[in-house]
Amino acid sequence: MTKISRRIALLGTAVLAAMGLYAAVGADAAGTFAAHAQRPSYDPGALELKGRGGYTTARPHAELRVVVCLQKRLGGRSFSVRCATGTGAGKRVTAEVLVPGCVKGTWRTTATGEALDKKGAWVHQMSATSAPFRC
């Protein structure tokens, strides 16, 4: 009876260890990258509407890229008015996009980032959209 109990305990421990390893790998893959988009802001001194965004990874990469856009809502749809691309190496990259004035309506900032892997492929794409801003 004790041999069976030991085998069951050993099997149970092995199953729990395997599940823990699988969960850790899955969590690491899902939590290693994120895009961030800040709510647009109007600078009355420069007479410009600004959108800022970024992309962050847990591990450094040879190249990161983020595309930040200012979108205007018109008739139930959103349209990108202007976009800017930021690139860099490491764990974080940011970009800023500007449009002159502040055309009346609802605006949002969007950010889409990705990282270049060792094989030269763009991976870990993530997008974010900011809270609305009204002019």
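Computed from a predicted model, the values in this text were never measured in an experiment.
Partners of Ala111 according to the side chain to side chain contact (heavy atoms under 4.5 Å, CB included) rule, which considers only residues two or more places apart in sequence or in another chain, are Ala37, Val66, Val68. The side-chain hydrogen bond (donor to acceptor under 3.5 Å, both in side chains) search around Thr87 returns none, not counting sequence neighbours. Residues that satisfy the side chain to side chain contact (heavy atoms under 4.5 Å, CB included) test with Tyr42, not counting sequence neighbours, are Pro44, Leu47, Leu49, Cys102, Phe133. Residues satisfying the salt bridge (charged side-chain N to carboxylate O under 4.0 Å, His left out) test with Asp117, not counting sequence neighbours, are none. Residues that satisfy the side-chain hydrogen bond (donor to acceptor under 3.5 Å, both in side chains) test with Ser127, not counting sequence neighbours, are Thr112. Among residues two or more places apart in sequence or in another chain, the side-chain hydrogen bond (donor to acceptor under 3.5 Å, both in side chains) test is passed with Thr57 by none. Legend: residues meeting side chain to side chain contact (heavy atoms under 4.5 Å, CB included) with Ala46, ordered by chain and number and at least two apart, are Asp43, Glu48.
Pairs passing the salt bridge (Lys or Arg N to Asp or Glu O under 4.0 Å) check and including a residue from residues 91-116, sequence neighbours excluded, read Arg52-Glu96, Arg65-Glu114. Applying the disulfide (SG to SG under 2.5 Å) test to residues at least two apart or on different chains, the pairs with a partner in residues 57-101 are Cys69-Cys83.
Residues Val93 and Leu98 fall into different hydrophobic clusters, defined by Ile, Leu, Val, Met, Phe, Trp and Tyr side chains chained together at heavy-atom separations under 4.5 Å.
Chaining together hydrophobic side chains whose heavy atoms lie under 4.5 Å apart leaves Val67 on its own. Grouping Ile, Leu, Val, Met, Phe, Trp and Tyr residues whose side-chain heavy atoms lie under 4.5 Å apart, directly or via other members, places Leu74 in a hydrophobic cluster with Phe79. Through direct or indirect side-chain contacts shorter than 4.5 Å among Ile, Leu, Val, Met, Phe, Trp and Tyr, Leu116 is connected to Trp122.
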Yes or no on side-chain contact (heavy atoms from CB on, under 4.5 Å) for Val103 and Lys72, after CA distance, side-chain angles and deciding distance?
-> CA-CA 9 Å; Val103 175; Lys72 184 167 186 330; 3.7 Å; yes
I would like to know whether Tyr55 and His124 meet side-chain contact (heavy atoms from CB on, under 4.5 Å); could you show each step before the answer?
-> CA-CA 10 Å; Tyr55 178 74; His124 303 312; 3.3 Å; yes
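The backbone N or O of Thr32 lies less than 3.5 Å from no partner atom in the side chain of Arg59, so there is not a single donor-acceptor pair. With Ser130 contributing its side chain and Thr109 its backbone, the two residues share a donor-acceptor pair below 3.5 Å.
Side-chain contact between Gln71 and Pro132: absent, with no pair of heavy atoms (C-beta onward) separated by less than 4.5 Å.
Summarising the geometry, atom CD belonging to Gln38 is positioned 10.0 Å from atom NE2 belonging to His36; distances are rounded to the nearest 0.5 Å.
Heavy-atom minimum distance, Ala89 versus Ala62: CB-O, 3.2 Å.
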